[in-house]
Amino acid sequence: MTDSQGAGNMTLASGVVDTIISIAAQEVEGVAFVGVHTTSGVFAMLTNKSSLSGIETTYDDDGRIRITLHIEVYYGYVLPELAEKLRRSISDALLVQVGIEVASIDIYIDGLQFQQK
């Protein structure tokens, strides 16, 4: 999780950026879960991490954010296209909502889920 971070003329509390990233990712069609759904509850208990444990952020010297995102996706989506939609959604959300530019987003697809009808 991210510590407090300055963004322009404001300071963001720990977790605000991670929450924006999580919501932007979950809004992309095909994303089943941010983090690893099958182990996230146990992992969170054992490591004292929040439910946003699938998101890691760092900042470069220019103040741009570098994101590592672990997700599970629904079966049947074209994964390179899904990853590009995720990058666009997250980059736009961070720039519009808090004015943070994205340097990179590394996406790890940790699992597939089948949609229930």
Side-chain angles (χ1 to χ4, degrees):
M1 187 152 0
T2 307
D3 292 332
S4 65
Q5 173 67 27
N9 60 351
M10 64 183 162
T11 301
L12 303 172
S14 176
V16 170
V17 172
D18 293 352
T19 300
I20 293 169
I21 293 168
S22 178
I23 291 170
Q26 291 172 353
E27 289 177 347
V28 174
E29 184 179 350
V31 174
F33 191 80
V34 175
V36 183
H37 182 67
T38 56
T39 60
S40 62
V42 174
F43 181 74
M45 263 190 335
L46 296 176
T47 62
N48 202 18
K49 297 261 184 179
S50 74
S51 62
L52 300 175
S53 63
I55 301 170
E56 297 173 22
T57 57
T58 58
Y59 292 86
D60 63 16
D61 294 337
D62 297 329
R64 298 181 310 159
I65 192 169
R66 296 183 182 279
I67 301 166
T68 301
L69 180 67
H70 291 266
I71 61 168
E72 289 190 9
V73 299
Y74 289 117
Y75 176 79
Y77 286 86
V78 178
L79 300 183
E81 291 175 10
L82 182 64
E84 185 54 37
K85 288 178 184 177
L86 274 166
R87 287 184 182 99
R88 219 173 310 124
S89 176
I90 293 167
S91 295
D92 291 348
L94 288 173
L95 188 60
V96 169
Q97 293 182 36
V98 291
I100 296 175
E101 290 185 34
V102 174
S104 67
I105 302 175
D106 296 324
I107 298 171
Y108 294 88
I109 299 172
D110 293 328
L112 293 174
Q113 292 187 15
F114 294 93
Q115 293 183 0
Q116 296 180 1
K117 293 185 181 190

- Task: Decide whether Leu112 and Val34 are clustered together by the hydrophobic rule: side chain heavy atoms of Ile, Leu, Val, Met, Phe, Trp, Tyr closer than 4.5 Å, transitively.
- Result: yes

- Task: Hey, could you give me the CG/CZ distance between Leu82 and Arg87, rounded to the nearest 0.5 Å?
- Result: 10.0 Å

- Item | Gap separating the CG atom of Asp18 from the CD1 atom of Ile23, nearest 0.5 angstrom | 11.0 Å

- Task: May I ask you to test the Val17-Tyr59 pair for a side-chain heavy-atom distance under 4.5 Å?
- Result: yes

- Message: Taking Asp106's backbone N and O only, do any of them form a donor-acceptor pair with Thr68's side chain (distance below 3.5 Å, no angle check)?
- Response: no

- What do the steps show when you test Ile20 against Ile100 for side-chain contact (heavy atoms from CB on, under 4.5 Å), and what is the final call? CA-CA 11 Å; Ile20 293 169; Ile100 296 175; over 6 Å; no

- Query: Should Val78 and Phe114 be counted in the same cluster of Ile, Leu, Val, Met, Phe, Trp and Tyr side chains packed under 4.5 Å apart?
  - Reply: no

- Are any side-chain N or O atoms of Arg66 and backbone N or O atoms of Asp60, one a donor and one an acceptor, separated by less than 3.5 Å? no

- Query: Can you find a heavy atom in the side chain of Leu95 that is under 4.5 Å from one in the side chain of Val102?
  - Reply: no

- Do Leu86 and Ile71 come close enough that some side-chain heavy atom pair is under 4.5 Å? yes

- Query: Any donor and acceptor pair, going by atom type alone, linking the side chain of Thr19 with main-chain N or O of Gly15 inside 3.5 Å?
  - Reply: yes

- Message: Taking atom CD as the centre, does Gln26 end up with more than 12 heavy-atom neighbours from other residues, nucleotides or ligands that are less than 6.0 angstrom away?
- Response: yes

- Task: Locate the shortest heavy-atom distance separating Ser89 from Val28; write the atom from each residue and the value.
- Result: CB-CG2, 3.7 Å

- Task: Consider only side-chain heavy atoms of I, L, V, M, F, W and Y, link residues closer than 4.5 Å, and tell whether Ile107 and Leu79 are in one cluster.
- Result: yes

- Item | Distance (rounded to the nearest 0.5 Å) between Asp110 CG and Leu69 CG | 9.0 Å

- Smallest heavy-atom separation, Ile105 atom then Ser91 atom, equals CD1-OG, 3.8 Å

- Query: Does the side chain of Ile67 come within less than 4.5 Å of Leu94's, by heavy atoms?
  - Reply: yes

